[in-house]
Amino acid sequence: MVGGSKVSRDGTRPRRRTDPPGRYAPLAEDPRFLQLRKRFLVAAASVTAAFLGWYAVYVALSAFARGFMARQVAGHVNVALLLGLLQFASTFLLAWAYLAYARRRLDPLAQDLRHRPAGDGTAR
Amino acid sequence: MPALDGRALTCTLFVAFVLITLGITVWARANTSGADDFYAGGRTFNGAQNGIALAGDYMSAASFLGIAGLIALSGYDGFLYSIGFLVAWLLTLLLVELMRNTGRFTMADVLAHRVRRQPPVRRAAVVSTVTVSVFYLLAQMVGAGALVSLLLGIHRGGEFLGMSAATARTVTIVAVGALMICYVMFGGMKATTWVQIIKAVLLMAGALVLTGLVLARFGFDVGSMLGSAAHASGKGEAFLRPGLRYGRDVPGDAYQTIVNKLDFISLAVALLLGTAGLPHIVNRFFAVPDARAARTSVSWAIGLVGVFYLMTLALGFGAAALVGRKAIVAQDPSGNTAAPQLAQELGRHLGGRVGGDILLAFIGAVAFATILAVVSGLVLASSTSLAHDYFGQVLMLGRPRESQEVAVARVAAFLVGSLAIVLAVAARNLNVAFLVALAFAIAAAANLPAIVLTLFWRRFNSAGVTAGIYGGLISSLVLVFFSPVVSGKVDPVTGQNQALFPKGVDFHLFPLENPGLVSIPIGFLCAVAGTFLGRERADPALHDDMSVRALTGAGSH
């Protein structure tokens with residue numbers, strides 16, 4: 001977008017960007033990027049499915065399965081309380097798992113793409 | 001009732017907090033010159049500092065005093081609330097890096113990144129940011145007024161420094177407002193962040209002390225604490241189960257039972273999906289050098305918020321067992337003073353009257369600090385949005401002089417802050433507690449669809465963003481306006497008015513108190529429909545570009 005002759009009268013107002021638009025678009029076809037995107041999407045979808053599903057189950061039980069939630073487990077501790085504490089545990093666990101995964105499998109790829117946008121010629 | 005020396009101690013602690021934070025503001029003023037400093041604290045905070053500040057932004061008085069009070073009065077159902085608040089952070093964890101990488105200072109930066117026509121997108125984002133912030137602000141400030149008169153023991157005809165309770169309320173709101181304006185106008189993100197950090201540390205320390213003392217009273221036997229709480233509540237084991245407050249079963253009224261359950265689900269959904277769209281949370285993603293640090297911040301926030309909400313269990317059940325429902329309701333029918341009252345009771349047990357006063361003073365000061373910090377974060381978010389998105393990008397077509405934009409941000413902070421003061425004073429005697437849930441519902445219905453679809457849907461365009469934001473925002477507002485919290489809600493037992501409008505006025509048409517269940521799908525539907533109806537075609541190159549930036553951090557600010 002060096003000349004930008006067509007862009008200046010686009011729409012009702014002139015557009016402006018400090019960075020040329022689409023500067024990084026070519027990287028989107030880099031196999032390393034496709035790999036990174038796939039890994040992120042799979043990880044994000046798994047975490048989301050896990051916490052959304054489990055939270056939905058918990059909320060549904062709280063609303064509709066009062067008898068089950070009321071069962072005493074030990075002394076005054078009932079199923080509802082245990083499941084609630086499990087929500088805390090699962091949140092910590094999922095966060096930890098995602099963080100570990102991101103550090104191991106996402107960060108190196110992202111860093112590689114940032115520092116060597118052209119790749120090393122031997123695209124895997 | 002706290003003694004006079006207890007009040008003096010509360011005031012001393014609070015004045016100390018104010019002086020320290022004002023000192024920080026003076027320092028921050030000297031170190032704030034450009035937009036990066038004012039909006040994002042120069043991006044110099046590390047992940048841990050910013051994470052503590054994020055937790056500080058999130059743990060509002062509504063969650064500290066509100067949830068402890070909710071557990072103390074309604075038992076298990078208060079816990080349900082805190083679980084929604086916590087689990088929401090997982091969604092934030094997944095989105096934080098992408099948003100940090102594609103934005104500069106605000107949510108609007110993320111949304112405007114790849115659309116062809118920025119101004120309408122920015123305008124929509126400003127409208128929803130300011131709306132969410134002002135509603136949240138109002139709830140906090142009205143709460144502050146009520147809290148102060150209770151903590152200083154000047155309700156019911158008492159006096160403090162020659163002021164009646166009503167005057168003290170107004171004075172408190174104005175003072176809190178003036179301080180928050182001062183922090184934000186002069187100190188920007190740097191001052192606000194340090195205020196958050198100090199507050200978060202104080203709050204965690206306070207909660208830790210109270211939790212330790214509560215558990216010690218029961219010989220570190222959680223079962224016996226639960227048992228005493230259940231017994232003292234007068235509701236028995238039902239106190240430890242879901243259903244006393246949310247999703248209540250109404251015998252013989254199947255319709256009302258279903259409505260109650262849907263209302264509960266609606267609240268749960270809004271809490272879960274709202275957090276990642278709260279403007280003061282999103283703006284904090286940009287106060288760190290890069291996306292990895294932003295991710296670290298969120299992981300710190302998850303840890304702190306999680307531990308904090310676990311402690312509110314002990315505070316709430318402890319208050320139910322040791323203070324008792326009757327004493328709590330006598331102070332404040334909504335239970336907001338349960339935690340301070342628990343502090344007083346625990347202190348009294350340890351060191352007599354003086355001990356009670358000391359601990360009450362400490363927790364009272366922590367509560368003030370909490371309110372002050374959260375309102376500052378909200379004012380900063382609105383002023384950033386108005387100055388950067390509206391003034392800088394829309395009015396000045398993206399070419400503002402930096403000094404000019406920061407000056408506008410300071411003026412905007414003053415104006416938003418003043419507006420909040422005026423509204424809060426006007427609403428000081430109204431039931432505005434529903435505004436917190438409403439702010440979450442709007443964030444979930446208006447902001448989240450726009451954020452998620454911008455990041456993940458290739459075809460999404462500016463018409464989609466604006467339709468999604470306005471659709472989610474307007475549907476939430478309309479549904480709440482015609483809901484029982486605005487008119488027609490009465491306590492089924494006492495017959496007391498619990499709605500915004502006085503008793504007798506009843507025009508509610510929508511049965512749920514929380515609009516999220518309906519308005520969040522509307523937000524998503526409008527965003528999708530807007531995309532298809534808008535004539536503009538999304539530019540695939542811009543989408544690819546954003547996608548690369550979002551995931552790799554290439555070219556990020």
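Order of the sequence lines sets the chain letters (A, B, ...), proteins ahead of strands, with each chain counted from 1. Side chains are part of it too, since the values below use all heavy atoms of this structure and drop only hydrogens, waters and symmetry mates.
- When heavy atoms are compared at a cutoff of 4.5 Å, B/Leu262 does not approach chain A at all.
- Note on B/Ser224, B/Gly247, B/Ala230, B/Ala238: by heavy-atom pairs under 4.5 Å with chain A, the leading option is B/Gly247.
- For the set A/Arg114, A/Met69, A/His76, A/His115, the entry with the most heavy-atom pairs within less than 4.5 Å of chain B is A/His76.
- Screening B/Arg122, B/Arg104, B/Arg114, B/Arg100 for a salt bridge (Lys or Arg N to Asp or Glu O under 4.0 Å) involving B/Asp109 leaves a single residue, B/Arg122.
- Salt bridge annotation for B/Asp389-B/Arg123: absent, with no cationic side-chain nitrogen under 4.0 angstrom from a carboxylate oxygen.
- For A/Arg104, the CZ atom counts as densely surrounded, since its 6.0 Å shell holds more than 12 non-hydrogen atoms of other residues, nucleotides or ligands.
- Interface remark: A/Gln111 contributes no atoms to any contact with chain B (heavy atom separation under 4.5 Å).
- Residue contact with chain B, scored on non-hydrogen atoms closer than 4.5 Å, involves the side chain of A/Leu113 exclusively.
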Please list every donor-acceptor pair under 3.5 Å in which a side-chain atom of residues 49-61 of chain A meets a protein atom from a residue at least two apart or in another chain.
residue, atom, partner, partner atom, Å
A/Trp54, NE1, A/Ser90, OG, 2.9
A/Tyr55, OH, B/Ala268, O, 3.3
A/Tyr58, OH, B/Tyr76, OH, 2.6

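- Here B/Phe79 and A/Phe88 bring their ring centres to under 6.0 angstrom of each other.
- Neither the backbone nor the side chain of B/Asp539 comes within less than 4.5 Å of any heavy atom in chain A.
- Contacts with chain A were tallied for B/Arg241, B/His543, B/Met225; B/Arg241 has the most, counting heavy-atom pairs under 4.5 Å.
- Contact count versus chain B (heavy atoms, under 4.5 Å) is highest, among A/Leu85, A/Leu81, A/Val77, for A/Leu81.
- Side-chain contact annotation: B/Gln118 with B/Ser462, donor-acceptor N/O pair under 3.5 Å absent.
- Between chain A and the residues B/Leu93, B/Val548, B/Asp544, B/Leu272, the most heavy-atom pairs under 4.5 angstrom are made by B/Val548.
- Under the salt bridge (Lys or Arg N to Asp or Glu O under 4.0 Å) criterion, no residue pair touches residues 72-90 of chain A, with sequence neighbours excluded.
- Of the residues considered (B/Leu240, B/Val87, B/Leu226, B/Leu90), B/Leu90 shows the highest number of contacts with chain A, using heavy-atom pairs under 4.5 Å.
- For B/Leu98, the part lying near chain A is the side chain, with the backbone staying farther off; criterion is any non-hydrogen pair under 4.5 Å.
- For B/Ala554, the parts sitting under 4.5 Å from any heavy atom of chain A are the backbone and the side chain alike.
- In the displayed structure, A/Arg37 atom CZ is contacted under 6.0 Å by at most 12 heavy atoms of other residues, nucleotides or ligands.
- Interface residue B/Tyr246: only backbone heavy atoms are found under 4.5 Å from chain A.
- Contacts with chain A were tallied for B/Thr257, B/Leu80, B/Leu86, B/Asp77; B/Leu86 has the most, counting heavy-atom pairs under 4.5 Å.
- Relative ring orientation between B/Phe105 and B/His388 is described as perpendicular, the plane-to-plane angle rising above 60° on a 0-90° scale split at 30° and 60°.
- The pair A/Asp107-B/Arg292 counts as a salt bridge, with a side-chain nitrogen and a carboxylate oxygen less than 4.0 angstrom apart.
- Looking at B/Glu97, only its side chain comes within 4.5 Å of chain A, counting heavy atoms on both sides.
- Looking only at heavy-atom pairs under 4.5 Å with chain B, the residue among A/Ala44, A/Pro26, A/Ala70 that has the most is A/Ala70.
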